[in-house]
Amino acid sequence: MAHTSAHVAHTLAAHIDEVFGLMGNGNAYFLDALLRDTSATYTAVRHEAGAVVAADAHFRTSGRIAAATTTYGAGFTNTLTALAEAAQARVPLVLVVGDEPTSGPRPWDVDQIAMASAVGVRTYTVGRVDAAAATVTAIEHALTYRVPVVLAIPYDVATLDIGDIPAVPGPGRPTPMAPTGEFAHAALDRLAADLAGAERPLLLAGRGAWLAGAETELGELVDITGALTVTTALGRNIFPASEHDLGVAGGFGAPAAMERVREADVAVAFGASLNQFTMRFGELFHPSTTVWQIDTDERATNARVGGFVRADAKLAAAELNARLTTADIGSTGSTDEATTRWHDSVDTATDRAYVVGSELAEDGRLDPRAAANRLGEVLPEDRVVVSDGGHFIAWANMFWEPSAPDRLAMVGTAFQSIGLGWHSVAGAARANPDSTIVLTSGDGGGAMALSDLDTAIRVAGGRGMAVIFNDAAYGAEVNLYGLKGLEKSPMLIDEIDFAALATAAGGHGVAVRTLADLAVVEEWKSRPIDERPFLLLDLRISGEVIAPYQEEVIRVNS
């Protein structure tokens, strides 16, 4: 015989290895069963939002689903921003929570189902006879729709003995969406014809292409068409041939690379939502560019799209490759001097160059571009970067080239949130135990999430680093509203000594005021991993340097 919470714990652990959480009386019996009787790994966090963010970051940096758990009431309401971020970013995870008794709410209970629904998250409530089945259904829903799901255990059901734990089949895995039907195949025929006739074809790939495993097919398509490539911030380095790649599309992109994109006559986006930032607020493509989108969404996601194919990126790319042989392409596929293919005629390395700036800005503080550029040279090559939200997000995206899409995760940007950075370190560390986890955060978000500073240092240890871009302000607000003449005092922050905070929590913090101070990174890398502490770099940067993407936001809002 086993109680309801044990049914949930055993069934969950059969399909999910990592659980992040904070214990309370709503999930105490679930955690007891999970830790006593299953092989799942449990990582304690210090804030309930941290449990959800850690599970979120685990998936973003590995592609493997994780779970979170909290108590009911205040424990649940503390997760809402993190749940909203995961829902907006289409990240699958399961949040196991306590809930009000089936007999009705107590004075301290709230309508958790309504709250979850308000941020786009479905709730599955465990019953007396279907606890294992409900658990599998919740996991299947999360994986199928790539969304977070709440699995609720009512308080008066949690400890009921409901018999032996049954073996429940599943969860099922979604079948990749193949392009089927006359319309889809006719659209692929037209797209293949456009690519065959293009003189300057461009392929753009996003996170959806990575999740589909489309790297090989996209690489073949580049070879066949002679296309240049570009990615979203979440699709970095998905194309195998980096020598043909222009880098990130949008405000993180280098100016010359973005001008090159506008030369394309045909552009095809694979698994990319084409949001306003990727599209540079409508300025990414030239008005004459023919734009196609291939995505599993029901319809095109940007008004600039002229042709749409609803399909899995990998399967659609394979279909195009079958249609586009070298012979089909004709003169554009020739290698003679008169008809050199576009990607062979462009020096992408030159196009991708950024303005680095000088060491110090005019106010005497570090230029964040120079600091980020130097860090891009010295950070460990095995790094997985997790980023909080804020003005500073440009610097890692511009100067820290990730080796693959899952080596850089921005937790918070989908929901335009800050303060989720520290929480994400534990999730990335558990997902990538042999890699160096590097958090990048601003001082505003860094201060907001300090509850899990301890968690990051405890879990990542000598494989963990944090880089705090500390300008003593909420930089995005200063750049947008301060420049409009609004009162700046609410936008400013007393300069926080993050180096001291990290040292107090068991790490090693260093205040960085010059590029020479970054020599500490080389020294840290040279030490044995088990003998070195978590390293925090408190970059005292200038707030006068505005990121290019922020300048685009300013332009649109002026």
Side-chain angles (χ1 to χ4, degrees), residues 195 198-210 214-215 217-294 302 304 313 317 332 340-356 369 372-373 376 393-405 407-408 547-549 551-552:
L195 285 171
E199 296 182 0
R200 296 176 302 281
L202 179 85
L203 305 183
L204 186 156
R207 178 169 169 262
W210 170 255
E215 304 96 302
E217 289 76 10
L218 290 176
E220 292 174 359
L221 189 57
V222 170
D223 291 340
I224 293 170
T225 61
L228 286 173
T229 63
V230 69
T231 69
T232 67
L234 302 181
R236 299 285 288 274
N237 281 315
I238 186 174
F239 292 102
S242 60
E243 66 270 21
H244 302 319
D245 194 56
L246 293 168
V248 186
F252 299 151
M258 293 305 94
E259 286 303 311
R260 188 75 65 185
V261 168
R262 288 179 64 82
E263 296 178 11
D265 52 5
V266 175
V268 188
F270 292 84
S273 64
L274 302 180
N275 63 35
Q276 60 183 349
F277 300 108
T278 296
M279 294 296 287
R280 301 184 69 196
F281 298 92
E283 299 296 322
L284 180 66
F285 298 118
H286 190 275
S288 65
T289 304
T290 298
V291 180
W292 283 82
Q293 184 183 29
I294 296 173
N302 191 285
R304 187 63 183 79
T332 57
T340 298
R341 300 194 298 172
W342 195 32
H343 75 196
D344 295 322
S345 67
V346 174
D347 181 358
T348 57
T350 298
D351 281 355
R352 290 177 61 166
Y354 292 104
V355 175
V356 174
R369 299 169 298 184
N373 181 66
I393 61 174
W395 312 130
N397 276 282
M398 291 168 65
F399 295 104
W400 304 353
E401 186 72 22
S403 59
R407 308 297 280 187
L408 191 157
Y549 88 90
E551 291 178 338
E552 291 186 352

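Because the structure is a prediction, the values reported are computed rather than measured.
Considering OG1 of T229 and CG of L221, their distance stands at 11.0 Å, rounded to 0.5 Å. The distance from the CG atom of N373 to the CH2 atom of W400 is 11.5 Å, given to the nearest 0.5 Å. From M398, atom CE reaches atom CZ of R369 across 8.0 Å, with rounding to the nearest 0.5 Å. Distance check: R236 CZ to N397 CG gives 5.5 Å after rounding to the nearest 0.5 Å. Interatomic distance, CZ of R407 versus CG of N237, reported as 12.0 Å (0.5 Å rounding). To the nearest 0.5 Å, atom CG of residue D245 and atom CZ of residue R352 are 5.0 Å apart.
Of the possible donor and acceptor atoms, one in the side chain of R341 sits under 3.5 Å from a partner among the backbone N and O of D223. Between the side chain of R280 and the backbone N or O of A249 there is no donor-acceptor pair closer than 3.5 Å. H343 places a side-chain N or O within 3.5 Å of a backbone atom of A227 that can act as its donor or acceptor partner. Between the side chain of T289 and the backbone N or O of A264 there is at least one donor-acceptor pair closer than 3.5 Å.
Smallest separation of non-hydrogen atoms from D351 and L246: OD2-CD2, 3.8 Å. Summarising the geometry of Y354 relative to G253, their closest heavy-atom pair is CE2-C, 3.7 Å, with the distance given to 0.1 Å. Of all the heavy atoms in G251 and P548, the pair that sits closest is O-CB, 3.7 Å. In terms of heavy atoms, F399 sits closest to V356 at CE2-CG2, 4.2 Å. Of all the heavy atoms in V248 and M258, the pair that sits closest is O-CE, 3.1 Å. Closest heavy-atom contact between W395 and A547: CH2-CA, 3.6 Å.
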Next item on the list: Mind running side chain to side chain contact (heavy atoms under 4.5 Å, CB included) on D344 and H244 for me, showing each step along the way?
Entry: CA-CA 8 Å; D344 295 322; H244 302 319; 3.8 Å; yes
Notebook entry, point to check: Can you list the steps and then say if L204 with T232 is a side chain to side chain contact (heavy atoms under 4.5 Å, CB included)?
Noted result: CA-CA 7 Å; L204 186 156; T232 67; 3.9 Å; yes
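Applying the ring pair (Phe, Tyr, Trp, His ring centres under 6.0 Å) test to F252 and every residue at least two apart in sequence or in another chain returns Y549. By the side-chain contact (heavy atoms from CB on, under 4.5 Å) test, A317 pairs with E217, L218, F270, sequence neighbours left out. By the ring pair (Phe, Tyr, Trp, His ring centres under 6.0 Å) test, F285 is found to be paired with no residue, residues two or more places apart in sequence or in another chain being considered.
When side chains are defined from C-beta on, L274 counts as touching Q293, because their heavy atoms get closer than 4.5 Å. Within the 4.5 Å cutoff, no side-chain heavy atoms of S273 are placed close to those of M279.
Just one of L228, D347, L202 meets the side chain to side chain contact (heavy atoms under 4.5 Å, CB included) condition when paired with R260; it is L228.
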